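To start, the structure itself, in structure tokens.
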Amino acid sequence: ISSFFPLRYIAIKVEIIILLLTFFFLRNTGIHLVPVSICSPFSPPPGPSLSQIEMSWESMTFNFSIIYPSNGLIELLLVEYAQSVTRVPIESCEQYGTCGECLSSGDPHCGWCVLNNIGAWLAQRLFALWWWTSATASRCLNLTEYVPDLSAGITCSFGNLTEVEGRVDGNQILCTSPAAKDVPIIPTDQDWSGVELRLNSKETGQMLISTEVKFYNCSVHQLCLSCVTSSFRCHWCKYRNLCTHDPSSCSFQEGRVNASEDCPQLVRSEEILIPAGEVKPITLKARNLPQPQSGQRGYECVLHIQGVSHRVTALRFNSSSRLHCQKNVYLYEGMRISELPVDFSVVWNGNFIIDNPENIKVHLYKCGAQRDSCGVCLKAERKFQCGWCSMEGRCTLRQHCPMSNPYTSRWLHLASTNVKCTNPRITEVTPVAGPPEGGTRVTIRGVNLGLSFSDMVNNVQVAGIQCTPQENGYIIAEHRIVCICPDSYIECVFFVSISCLFPTHILFLFLQMPSVKGLSPSRGPESGGTKVTIMGENLGAGSSVSVLFGNQTCEFYERTMTEIVCYSAPSLTGVGPVQISVSVDRAQVQDSLTFEYIDDPTVQRIEPEWSIASGHTPLVVTGTNLDVIQEPRIRIKYGGRESVNVCKVLNITTMSCLAPSLTAEYRPGLDSVKHADEFGFIFNNVQALLVYNNTNLMYYPNPYFEPLSTNGMLEQKPGSPIILKGKNLVPSASGGVKLNYTVLIGETPCSVTVSESQLLCEPPNLTGQYKIMVGGLHVSPGSVNILSDSLLTLPAIVSIAAGGGLLLIIVILVLIAYKRKSRENDLTLKRLQMQMDNLESRVALECKEAFAELQTDINELTSDLDRAGIPYLDYRTYAMRVLFPGIEDHPVLRELEVSGNGQLCVEKALKLFAQLINNKVFLLTFIRTLEMQRSFSMRDRGNVASLIMTALQGRLEYATDVLKHLLSDLIDKNLESKNHPKLLLRRTESVAEKMLTNWFAFLLHKFLKECAGEPLFMLYCAIKQQMEKGPIDAITGEARYSLSEDKLIRQQIDYKTLILNCVNPENENSPEIPVKVLNCDTITQVKEKILDAVYKNMPYSQRPKAVDMDLEWRQGRLARVVLQDEDITTKIENDWKRLNTLMHYQVSDRCVVALVPKQTSSYNIPPTTSISRTSISRYDSTFRYTGSPDSLRSRAPMITPDLESGVKVWHLVKNHEHGDQKEGDRGSKMVSEIYLTRLLATKGTLQKFVDDLFETLFSTVHRGSALPLAIKYMFDFLDEQADKHSIHDTDVRHTWKSNCLPLRFWVNVIKNPQFVFDIHKSSITDACLSVVAQTFMDSCSTSEHRLGKDSPSNKLLYAKDIPNYKNWVERYYADISRLPAISDQDMNAYLAEQARLHSNEFNMLSALNEIYSYISKYSEEVRRNIKTSCQP
């Protein structure tokens, strides 16, 4: 090596160290240079210059040039070899972002410049060595090392909170922490909050080093163990139940706790078992229990049973190591839970909780739950001490089983010797028949079939011969025994018997030897797949069957006693006959049946070799052995989609097929000739023809037709041909085969002539829809209207003449009437004055009555309403009525049922599908794909949303996350489409909106039961009782008292209140029950009021129905009259038949009536004759009025004509539009608007109940219940979305919240209280609740409603109340916004708890199966969108 550095620049020492000049790899075309680093501590020449190094190695010479720029720093090398020059940088230090990355790189040219906080080249380092750390150093600067010279100053930054001056004190830097007001808020789920402390140089402004400073708060710990095990120096004050950092704040020295072993805590002992309904104490082990001081309350045990807390006084023993909870009775609902672990805690001084580190629980149990037989009862764990009470036939504790005598107990327990269950019973045996040779695997089910498998050994017999039990088939909990039948050559009927306890038996048949007679078909293709039916006798016997074609198993499909169906396997020996053998269990069927395998079918040609994109054009297939194919089909594959169509075999060499469609629907790009990616046939199991390449089948574009006219209607003269323009009407295919067009006008065909671009139709002279059908294409380009030849037809001329004559007659009559009226003006004026005086007096009387009702009815209603109990529906029924209204037996309530033998496969597949549903990307893509489909209806959207929520009931936190994403997408879409923001969430047009409704339904159920349910139920009861105080028309649903104008009886109905003494249906010897009714009530209405009075504390679904009961009027001991809505005494006038009422039967006050089960006879004979139950009415089989107004929702009366006579039924008012009852003929009916004052009277009566409901719903804290977390969480989310989109309009935010909660959930609950309670809602109650719901919606609106005389009556009714309600709503929303925000962690914990409580309400597999139906329907679209979403 020779150096050409100028020697005059080498002052003291020259060192040229070539550190890395290695690893040259010789390749075919040259040398690859590995990075070369040179460190040179000498001084370079002034100004830019060049130094060279020459190196020789073997026969190669390299020249290295070192470039010195003007700043004197070496920057790069030039390497020259083989007439090429390469620039090689010396270093690249700026790529390292941290000190650790820089030093770990090992680059000798790079080091970390602390002052500038950057990686730098060694030659560029600053001369202040304290600020330099080279790659040869072992570590970076940290806070424990010696502090360098900081004379320029330093600052301390605590995150983004504050920045203070730093003071250097020797080898320490002192920083003052932020003031208390600047300390960050500590999250609720931890006891500290971290802030980054950065030391910044005043000289460079760069950060030198950073660390984390933690601010902690001990007081967040509520329990001793969490306090003393904290990472910080926290102390527990035992007597103050307080965690603090200052131990001196504890009241007593002995009350300070610093170690976990000194904390008051419960200690695990034996398992705590408490029988439900038994009076039992609870004894616990504990340690370090504090002695309550003066003024402090003692100990209590708290059990949380099914959402309800139970407090029991507890005693602390002086040793502080034992605690005794006093005797108490604990109950839980339901007989489906045999053991219920209950959360348990011990508190003192009211709310001071003792630590429970072992999570000790109390286990409540019921012996009788899920143990309805002796065998299952005795198999219960011994710790429960359950036994079978044979005297009462139930599983119970010993003390609850009565003794037959003082010395004998009928209580069986496993601890007893020789215990056996009595009364074993066989309920089912499968199969019920078997061959005499035996080997049949018999499954026996029953009750009390032994307590262990040893009881069955040698005790199961078939026909007196031992049947060998199988231990793996014996299941005590399911009462099942499986045994293998022995052979029996006696061909007759025997019994299966079990004699382990007391003999029991059931019928079993040993049939004659199974036999076969023939099979069909007798031949099939060599590749198999032929569906073969073997005929014979006794083929359905036994537990298993085997069919062999030679040595190949015929795949079993099904069998009966006379047939076995199976699919032939491929032949291993080629074509030719094979022997068929059939065996049933151990019985080998002897016969000489043969099946012939023939050559597989072949296809030789297809004509024509073209079709159109929509397919369904005929193709003729020619080949060999085509007649052996049972279900031939033709297939193509194009663009990843397979399409299949049917074929029909004509003979052995010919079959006709319909071409498959190329695509499911038209797509751009299909306007040219296409070839299928794959083409073939599905012939049983013949694989060779699945892909058939010996054809050139082409697909031409579908014919396209232009519309008949711009408006879709073509005006056509009679006889004129219809010419329809288009393209691709005649494919340019060879062979002379053309498309077969069918053109219909309405349902009438017309003759067609087709050219390349036109279709000419010679239509019949008919008007109708124009339809074109060709292949699988169905097109309707418009409608055809045939015009008349003349401008005026004869009917038109006659009509004009008749109209002119009628007009002339009318003019003459008007003139005559005017003349007569002018003469009678004075008389008319006097008559009108008299009528007005009469009207004024009637109006005054009506208003006076309304005022009296308004003042008196409130107190009467409040006192009459029974608050003994609210019939809440269980959670499952409530959820189903909200999610799937109108569907009583939904699949999600049942176990998944799969026909055939595919149950396990389907369940396994659905569990895999569940994993997809639990993938957020897939689920969001699936929902968005469905919503993009035109065929995805509004009903489907609601159904999918409900199915998803039921499937995710056990993962509500995940469902909430998906809901938030969907709502965010919906908001973005709403704003991007430039719709008014207030329209968001107004209608259920997306899956997200229905999911939001269901989400609130799940999470507000507890709030409904504990808070909102009571005022809603009181409002329903008040409406129902107020409506029933006056007449209600049983046909129209109109009532005297109503909030709805449409359901108000607008005429005077005379009625009288009666009190009937009803015999108690449960016990006729008990006192009679007084019931208030009206003498104008129909018999069905009377029955319903009696049922309400008798069963007032019973849920509606558990009561007898009025239609199933008869009403008896008892007059003395023997005289009994059955009252009916219709009988032989029913009055009929002018084709109007009036329903019978109490007034019709002349039932008086205090009469005795009774409800009895309905008899076969329905009608009475006249009361003047002898009393009889025999029906002589001819209407008995043709008309049955149920009296339930739920189905009578129309505003006009429902006219129900008799099928024979055509009469119409009415009750209080007739059809107002009927010709025989005009306005002037309505006797006592006045101007209808007079009766609107009754709306005010009813409104005033119900005002208190409406106010109570609205006040509950619009209050953040009411009746001791806090605001549900779901409401606060969702409102905050909407505010976040508004902030994200810069929406600061308070009206828009107000409207979003109103549409989110009141409109989507509360209005639905108010209108449908039957979703929450087990009640019956009549049509008049429904109408009144609709008015209340409309008022609720108006109260949440921000727009001002201008009212006038034409405004709807329901808006006028509450016009003065709505402004006050709006103030409540605004205050409610403001209070919610001021509440502390709910963290995602707290919300997730709440959602997880809710999911746990109701995780088993719905069958997840059934819900997934329903969801999968939509996957199947839109599989291609979902797959395509998933691929798109997964692309980078």
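Everything numeric here is computed off the predicted structure, so don't read it as measured data.
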Starting from the C-alpha separation in whole Å, work towards a yes-or-no answer on salt bridge (Lys or Arg N to Asp or Glu O under 4.0 Å) for R394 and D372. CA-CA 7 Å; R394 63 189 181 98; D372 53 359; over 6 Å; no
Short side-chain donor-acceptor distance under 3.5 Å, R398 and Q385: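 Result is no, nothing qualifies.
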Do you see a donor-acceptor pair shorter than 3.5 Å between the side chains of N1067 and S1070?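 No.
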Do [X] and [Y] make a side-chain contact, defined as non-hydrogen atoms from C-beta onward lying under 4.5 Å apart?
| X | Y | result |
| --- | --- | --- |
| K1089 | V1086 | no |
| H363 | I272 | no |
| R1114 | V1063 | yes |
| P264 | W348 | no |

How about F1317 and Y1020: are their ring centres within less than 6.0 Å of each other?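 No.
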Are the ring centres of F1002 and H1398 closer than 6.0 Å?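 Here the rings of H1398 and F1002 have centres that are no less than 6.0 Å from each other.
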Nearest-0.5 Å distance that lies between atom CG in L883 and atom CD in Q953: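 Atom-to-atom, L883:CG and Q953:CD are 9.0 Å apart.
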Please report the interatomic distance SG(C1062) to CD1(I1073), rounded to the nearest 0.5 Å.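 With rounding to 0.5 Å, SG (C1062) is 6.0 Å from CD1 (I1073).
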Between C395 and C374, is the SG gap short of 2.5 Å?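 The sulfur gammas are not closer than 2.5 Å, so no.
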If you apply the rule side-chain contact (heavy atoms from CB on, under 4.5 Å), what do you find for T877 with M880, and how did you get there? CA-CA 5 Å; T877 308; M880 290 301 299; 5.8 Å; no
What is the ring orientation for H310 with Y330, classed by angle as parallel under 30°, tilted 30 to 60°, or perpendicular over 60°?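 Perpendicular: the ring planes of H310 and Y330 meet at over 60°.
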SB check E381 K383 (cutoff 4.0 Å):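 K383 and E381: salt-bridged.
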Could you tell me whether D1108 and K1158 make a salt bridge, using a distance below 4.0 angstrom between a side-chain N and a carboxylate O?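 Between K1158 and D1108 there is no salt bridge, as every charged N stays at least 4.0 Å from the carboxylate O atoms.
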